[in-house]
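What follows is one structure encoded as structure tokens, with my remarks underneath.
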Protein chains: 2
Amino acid sequence: MCSVNPGHCTLIKYIFLLLIIIHLDLNTAESVWPLPQIVILSSERYQLKPQSFSFGYRRYLDTKHSCSVLDAAFKRYFSILFPGYTYANLITFSVFTLTISLDRHDCEGYPNQDSSERYKLNVFAGQASLNAETVWGSLRGLETFSQLVYQDDFGSYYINKTEIEDYPQFNYRGILLDTSRHYLPVQAILKTLDAMAYSKFNVFHWHLVDDPSFPYQSHKFPDLSNKGAFHPVTHIYTQSDVRRVISYARMRGIRVLPEFDSPGHTKSWGKGQSELLTPCYRGGTPSGTFGPVNPTLPSTYQFMASLLKEVASVFPDPYIHLGGDEVDFSCWRSNPYIRAFMHKMGFGLDFSKLEAFYIEKIVNITSVLRKTSIVWQDVFDYHERRKFLSVVEVWKQGCYLCEVRRVVKAGLRVILASPWYLDQPGPTHNWARYYNVWPLAFKGTEKQKSLVIGGEVCLWGEYIDATNLSPRLWPRASAAAERLWSNERQTSCVERAFPRLQEFRCKLLRRGIQAEPLYVGHCKHEYQSV
Amino acid sequence: MCSVNPGHCTLIKYIFLLLIIIHLDLNTAESVWPLPQIVILSSERYQLKPQSFSFGYRRYLDTKHSCSVLDAAFKRYFSILFPGYTYANLITFSVFTLTISLDRHDCEGYPNQDSSERYKLNVFAGQASLNAETVWGSLRGLETFSQLVYQDDFGSYYINKTEIEDYPQFNYRGILLDTSRHYLPVQAILKTLDAMAYSKFNVFHWHLVDDPSFPYQSHKFPDLSNKGAFHPVTHIYTQSDVRRVISYARMRGIRVLPEFDSPGHTKSWGKGQSELLTPCYRGGTPSGTFGPVNPTLPSTYQFMASLLKEVASVFPDPYIHLGGDEVDFSCWRSNPYIRAFMHKMGFGLDFSKLEAFYIEKIVNITSVLRKTSIVWQDVFDYHERRKFLSVVEVWKQGCYLCEVRRVVKAGLRVILASPWYLDQPGPTHNWARYYNVWPLAFKGTEKQKSLVIGGEVCLWGEYIDATNLSPRLWPRASAAAERLWSNERQTSCVERAFPRLQEFRCKLLRRGIQAEPLYVGHCKHEYQSV
């Protein structure tokens, strides 16, 4: 009945942790998830009252020049700090103020791969100060602050004297949702973005389209969703939906990384874009079925350039995910025109060369649009000319760190997804499996290791939709979140993490996130089912 | 990527099914889940309009003598038939009436193990008649009727001309919820009762208390929940909560079977009832820990008699589940007083004799209260005197049908739970595993087989609470529901069941049940996450 796998909790590590977190108290710093890099905590505590608590700006941000991202965050976090209360910012006499200062006033932009998320949080008598280089870092600090506040048995709010210096271990901390195998209502995506912010995830990898359906409503190619979505009206993402998701994510310091996976995984594309897919042949005649994108026709690249141009303008992130995984060659092989093209190009019978030919062209299109492309590891694995690649996402099981090592040795950047395929259900206590991962546990130079830009939790959609998305993701994804944010040496012990993650899961429930239980027990505020 | 296990879908069975279901149409009879015993369907269809649809009574039930269970059911099913509409029963001119007749006017009672659930449903021009022996059978018929109604693409409602004769294969079709390992808010239980009715389950087996917590608020022994619940106010079931659950269940033709598991699984009992549990010893002195109920003290039986008397009066069902599983003998063995008692009773070193001694006394207490007791298979397995037993619930894995056979050969009744432990997560497509079960697939006489009174889906609470209860149960429990209700020969083919279960799952979504997807695809009305 034991729910946690034995971790490696040596005495040395334990003492190390104790040195970092002085006056350990589960109500306070230990309960911040993911664990901040440096915490100095005192047992001195201050009472907070919703009636006399306020947020304030310092430096660069006078009243004329406030920051919409932070203004909105103040409202959100006020209701999180004091459930049932709304932030009015009309307090005449503030007893406790959290004052924010930013080194750079970048409130109008979007977070990106290079955005600093570093912050310093100081809580002392009657006030707190939060300094960050960017607005995105200040959002992380606000999240930490909100987790430091606790209620005593009589309902009073407290926060302990605390000094925190914090920054993420990895810059890319993503969650993939798949809206093709099942349609996810926008509301389910927004709810996921909320929960992501609570665990300090910063990339929503939107696997928008795939074989089963094409829910993205393109303004250039409306037939793609008209004919390729499960339903052309109720099961699509309009431009307004997409803008809403991007804006909601931005307000939480989360990037939206769109994926338009090709040349495989494109069956639904073919319904609204004729001659895009390869006609498969049987016995010398077309069989009526279609395979991957047809890489031999100039029209394919005109279409892809046009679609990607739209995508590049709709999604502000400097990265686009181009997919490139699991291309089935059998249809290409059956098609005499494809074979003729292969012959003409001197590819012999090696269809991976044809795939490389295609991907290279698509990557070039993306580069012209000034976007950095990410591809699944297949592209790296099967192709010789790797120089045209930038970022490779490692997803296959087995020795995934061997693959990570190969990619960084080739000088390319890596995102690791293999150990975090959460769509496969399992007992909740396998959260420890997601926790006991260290993306840098391979032999390599410092420079090579710096090429590992982060990791990603993937929630593929075969068996997932809005009915089970949240309990499947949370709190297991949070285990990965700590791995990607926190210092590995301070967070390598599953047994120590367990009560902290239980506590954090209760916080998620309190914030309305349908996070499933880790084991027997209870939260003060249980999830109220609808 | 294939999501269903190959079933046995021979041509003969297929033809047999076709003979039963004439003019097959997924919009109609095939989509009734669980599949009725006999369906004769026509392609002739009638339009239904919310404005001119009504329910009516015939025979025994004039206006003076209506039936509160049915009146409430009419309201529920009207909103299910016509989402967004409320049943006012003020229709002056009814175009389509579903008229109910009951052979017995038993609206005031509770369903029990012997209640007939048989019904006949006839849909023909402008009306439908539903005849049942009991009000509980008419509820099953209403459910079937509600599943026969469908909407065309323009939103109009239709029902086809249909004749159905239906009855359950097994009288006991249960779902176990565990409210000790996690507290389930009453609302989550009520929602489950709703969903149970949609799949024609008829027993809510309430595993109320166990080691971790004692949430049942006893009026005789309030300290049991005051000290043994996770929280004495927020994490308990008051008498009013229990009455609400029983009443809500009754309105849906569902029995509430309370379980008070002992002598093991009682750690939480000891907090509020001193001297109930056995003090464990180490090195000749009490270790401070406690084991199972102390079966050597007269006070134990006085307490149990008093508690069970309360339980017997609070829960109207003629059955009480007494547990009796997984008793750990090590604590008994350590205790010198227990050993002395063993010696005095001539039990030697066989602690299973002590357990039998205890259980027999508890069963006798229950008999005096005129209740039939159910025990877990452990009691049957380890004890020689089996005559005092009535109903045995088989739960262990392995050759569970061997165990079923042993129990019925001993002349006892059986409930089968082993193949339906749904708390263990797995890919949703393992629904087929729950479907491919046949409780009577053992060698035995007709009389022996008739002792298998049914089966039960168990959702143990280690990893389950209100956050994941619904998607973990539904639609997988519905697979078991069809096995327990329908004719096995007509429902032995997983491939044929798959689209029907998909369709039924969409109906569950439409009714607000958070039922997880079976595989890639969509429903017209997706679940809207909160």
Side-chain angles (χ1 to χ4, degrees), chain A residues 1 3 178 180-192 210-213 215 229-231 234-235 423-430 461-472 474-475 505 508-509 512-530, chain B residues 1 3 178 180-192 210-213 215 229-231 234-235 423-430 461-472 474-475 505 508-509 512-530:
Chain A
M1 296 291 254
S3 69
D178 168 2
S180 173
R181 291 178 175 88
H182 283 99
Y183 177 79
L184 299 175
V186 171
Q187 204 51 44
I189 296 176
L190 302 186
K191 194 89 181 174
T192 303
D210 204 299
D211 284 329
S213 76
F230 284 134
H231 188 282
T234 58
H235 286 61
D423 54 301
Q424 289 302 324
T428 314
H429 59 270
N430 69 6
E462 279 87 349
Y463 302 105
I464 301 289
D465 71 3
T467 62
N468 55 357
L469 183 153
S470 282
R472 202 59 66 83
W474 312 109
R505 183 239 165 195
L508 291 178
L509 291 194
I513 304 301
Q514 207 173 334
E516 67 176 10
L518 293 165
Y519 193 53
V520 173
H522 78 291
C523 294
K524 194 171 172 185
H525 300 278
E526 300 291 354
Y527 182 77
Q528 296 297 325
S529 64
V530 282
Chain B
M1 298 291 255
S3 68
D178 168 2
S180 173
R181 291 180 175 88
H182 283 99
Y183 178 78
L184 299 175
V186 171
Q187 205 51 45
I189 296 176
L190 303 186
K191 195 85 177 175
T192 303
D210 205 298
D211 284 330
S213 77
F230 284 132
H231 187 283
T234 57
H235 286 61
D423 53 300
Q424 289 303 324
T428 315
H429 60 272
N430 68 5
E462 278 87 348
Y463 302 105
I464 302 289
D465 71 3
T467 61
N468 56 357
L469 184 153
S470 281
R472 202 60 65 84
W474 312 109
R505 183 240 165 195
L508 291 178
L509 291 195
I513 304 301
Q514 207 174 333
E516 68 176 10
L518 294 166
Y519 194 54
V520 174
H522 78 292
C523 294
K524 194 172 173 184
H525 301 276
E526 299 291 355
Y527 182 78
Q528 296 296 324
S529 64
V530 282

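In the text below, chain A, chain B and the rest are named by the order of the sequence lines, each starting its count at 1. From a predicted model like this one, the values you see are computed outputs, not experimental measurements.
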Specify the closest pair of heavy atoms between B:Gln514 and A:Ala466, including all atoms of both residues, with the distance to one decimal.
->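 Shortest heavy-atom separation between B:Gln514 and A:Ala466 comes out as NE2-O, 4.4 Å.
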Supply the atom-to-atom distance B:Leu469 CG to A:Tyr527 OH, rounded to the nearest 0.5 angstrom.
->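 OH of A:Tyr527 is found 12.0 Å from CG of B:Leu469.
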From B:Glu516 CD over to A:Ile464 CD1, what is the distance, rounded to the nearest 0.5 angstrom?
->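 It is 7.5 Å, given to the nearest 0.5 Å.
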So, do A:Pro517 and B:Asn468 sit near enough that their side-chain heavy atoms are less than 4.5 Å apart?
->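 In short, these two side chains touch, coming nearer than 4.5 Å.
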Flag the one option from B:Cys523, B:Gly521, B:Pro212, B:Ser213 with the top tally of heavy-atom pairs under 4.5 Å to chain A.
->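 Ranked by contacts with chain A, first place is B:Gly521.
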Got a sec, which residues hit side chain to side chain donor-acceptor pair (under 3.5 Å) with B:Asp465, two or more places apart in sequence or on another chain?
->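 Scan of B:Asp465 (side chain to side chain donor-acceptor pair (under 3.5 Å), adjacent residues dropped) gives A:Arg505, B:Thr467.
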side-chain contact (heavy atoms from CB on, under 4.5 Å) involving A:His522 - partner list, sequence neighbours excluded |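 Once residues adjacent in sequence are excluded, the partners of A:His522 under the side-chain contact (heavy atoms from CB on, under 4.5 Å) criterion are A:Glu526, B:Phe230, B:His235.
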